[in-house]
There are 2 protein chains.
Amino acid sequence: MTQTADPSRPQPATLNDVARLAGVSIATASKALNGRSQVRAETRQRVIEAAERLSFRPNQLARGLLAGRTGTVGLLTSDLEGRFSIPILMGAEDAFGAGEVAVFLCDARGDSIREQHHVRALLGRRVDGLIVVGSRTDPRPSLGRELAVPVVYAYAPSDDPADLSIVPDNVDAGRMAVGHLLACGRTRIAHITGDPGYLAARERAEGARAALADAGLRLVGEPRFGAWSEGWGRASTALLLDQQPDVDAVLCGSDQIARGVMDVLRERGLRVPEDVSVMGFDNWQVLTSGSRPHLTSVDMNLEQVGRAAAQALFGAIGGATRSGVEALPCRVVIRGSTAPLS
Amino acid sequence: MTQTADPSRPQPATLNDVARLAGVSIATASKALNGRSQVRAETRQRVIEAAERLSFRPNQLARGLLAGRTGTVGLLTSDLEGRFSIPILMGAEDAFGAGEVAVFLCDARGDSIREQHHVRALLGRRVDGLIVVGSRTDPRPSLGRELAVPVVYAYAPSDDPADLSIVPDNVDAGRMAVGHLLACGRTRIAHITGDPGYLAARERAEGARAALADAGLRLVGEPRFGAWSEGWGRASTALLLDQQPDVDAVLCGSDQIARGVMDVLRERGLRVPEDVSVMGFDNWQVLTSGSRPHLTSVDMNLEQVGRAAAQALFGAIGGATRSGVEALPCRVVIRGSTAPLS
DNA sequence: TAACTTTCTGAAAGCCTTTTCGGTTCACCG
DNA sequence: CGGTGAACCGAAAAGGCTTTCAGAAAGTTA
């Protein structure tokens, strides 16, 4: 029988041990260690040394029990696999980790039953707040208003406007992308993008169209919705070149699509960026820096989304409630695949 | 002044509330809810209903304080960014999440100071154990033997053999990869791989060489160490074809390298897989399924590494200590880029 | 009816820390 | 030398839960 009490593993020291070793009461020890002013300097020193000797770490459980705040938050993601969750998670972890907050990570695998389960478990652990990270920008069901702790939604906004959601501004991103291509002197711009079931795809297309309209231009053909894959990029580029051989720029809905587009352009003997400039979306480094030339792409600043969500949650824990959907700007990262017309 | 006590947010119910509502003592309520046998069925029912009504969730802090076990573990990663940490983290989260264990996520950013800081914070929170996830397979400094809780190292083994480490078997992976190419009838196999500073690169090369030796063969040329990038794949393939034009298979140290290799092969008019079979490493889906043809690759089963680490930690918490480095097998995922010689 | 089980219930201790508040000590002043 | 205030210290409560143990209630047997 394996016992849980491993005799070789010493129990961590308690405040009691420290107090005894220093020859003071528990209360004094606590005050000494927490910088309270009711302690003589000499006594404080003795206590601190005792704590050092026992490598005492105050038990956060007890502290949390007493304070009513645990200094923990739950990070509820719907798919760790997805590459969008990770940077957000990093940003949040970063914003919290700097302070004295620890993060519980839960992956619901896109299953709402499991999500419910995790929420309950987190509430049982008395987290001070919750960040819900989605894997796409389409609105998702709210966790509800009755929760005992504040909640902030990141990337995927809540469908309840009373909740606070932090998302990247994909419409504006579409505008910015086209803006860059226009600044390069391109006027015959096509848009090849992914699954039209994704709000992100539709919003980017909308932004692109709006920016062109502002310049008195239109897309070359309709936006070509399809899949978020290199294969779709290749297939639709072939079609595009047949139908609109005079295109001078392609804005792609993802870096994967852009890779496919560039491959076919090269095969057809077109030069990137001279003949056709190509732009991707997501700024996924493995794709942007593997291509020839390196791929200009729109970065959604996801880490910042995560950080903003964490800060908003921090504020909400402090009582400063916000609500609605807050859209953060994206940014264009210029590399070799776009250049001014010569 | 924003106050922390938000009057609109109801305090969660305590066992006391439940007991009062059910008209029993706290003790009885506790026993009723925890399935202890000292309670009449009718009383138990009343308590359960009361708990339901108040949507009572026992405070895990208080429970943990009492039990000496918190039901939490720390997951210490050195770089969330890196794509190797994530699947491991998923596997671990999976193995734990199924039970009643919650996971604290900490990212040390490859900084050992920050790592120390996180370890202390986690110990202060009285985690029951720690999983340390590395970003490369080279051994890393142990956290030490004096820790109050068990530790399991995943992917990056500890340099102290007294610790338990779970890693993928890269030597064997090299053997398996070459085994597959040999099974395809390939005999003139080249190896293009990444930074020789990485143990993974050296081990895979070693395994490949060993498998060839077993078959009475040798690599075509020396292993070509370089960088883990498409660019290196392209550059070294050009060189390879100049020096060894009769090569009939290329084993690559990563999927990125493989993509570069395939691009140059295609440009030189060589057919994949007919003329030259190409194999990658890591089975990174965005790369393997974007290429033409889809890329055969070695998967390190990282999720399983994570799961195994979690299970080992679970065992260690229960007192079943293991130690040493345990290497888990990888697997070859066959796609279109490798095929038998016709 | 007395004595004895059996079954259920509740008071209280304990986990570890922080904080309040009353008590002790001591220097200093009138 | 009694009194005052400051400086320091410790007892105790609180926070929510589990568990032990003693006691109450109900049922059984002689």
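Residue numbers begin at 1 in each chain, while the letters A, B, ... track the order of the sequences.
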For this session: To the nearest Å, give me how far apart CZ (B:Arg125) and P (C:dC15) are.
Result: 23 Å
Problem set entry | Length of the CD1-P vector between B:Ile26 and C:dC8, whole Å | 21 Å
For this session: Rounded to the nearest angstrom, tell me the gap between atom CG in A:Asn34 and atom P in D:dC8.
Result: 17 Å
For this session: Would you mind classifying the nucleic acid contact of B:Thr14 as base, sugar-phosphate or nothing, using non-hydrogen atoms under 4.0 angstrom?
Result: sugar-phosphate
For this session: May I ask you to evaluate whether A:Ser30 reaches the phosphate of C:dT17, defined as a side-chain N or O under 4.0 Å from OP1 or OP2?
Result: no
Seminar exercise, completed: Atom CZ of A:Arg69 and atom P of D:dG15 are separated, to the nearest Å, by 17 Å
Seminar exercise, completed: Separation of D:dA14 atom C1' from A:Arg63 atom CZ, nearest Å, is 16 Å
Exercise. Using 30° and 60° as the class limits, which term best fits the ring planes of B:Phe104 and A:Phe104: parallel, tilted or perpendicular?
Worked result: parallel
Seminar exercise, completed: With the side chain defined as heavy atoms from C-beta on, B:Leu15 is closest, among D:dT18, C:dT17, D:dC9, to D:dT18
Problem set entry | Euclidean distance, atom CZ of residue B:Arg126 to atom P of C:dC16 [Å, nearest integer] | 8 Å
Exercise. Rounded to the Å, how far apart are A:Arg40 CZ and C:dT24 C1'?
Worked result: 12 Å
Exercise. Any side-chain donor-acceptor pair under 3.5 Å between B:Ser142 and B:Asp159?
Worked result: no
For this session: Would you indicate which nucleotide in D:dC17, C:dC21, C:dG10 comes nearest to any side-chain atom of B:Phe56?
Result: D:dC17
Problem set entry | B:Leu66 CG - D:dC17 C1' separation (whole Å) | 6 Å
Exercise. What nucleic acid atoms does A:Leu61 come within less than 4.0 Å of, heavy atoms only: base, sugar-phosphate, or nothing?
Worked result: nothing
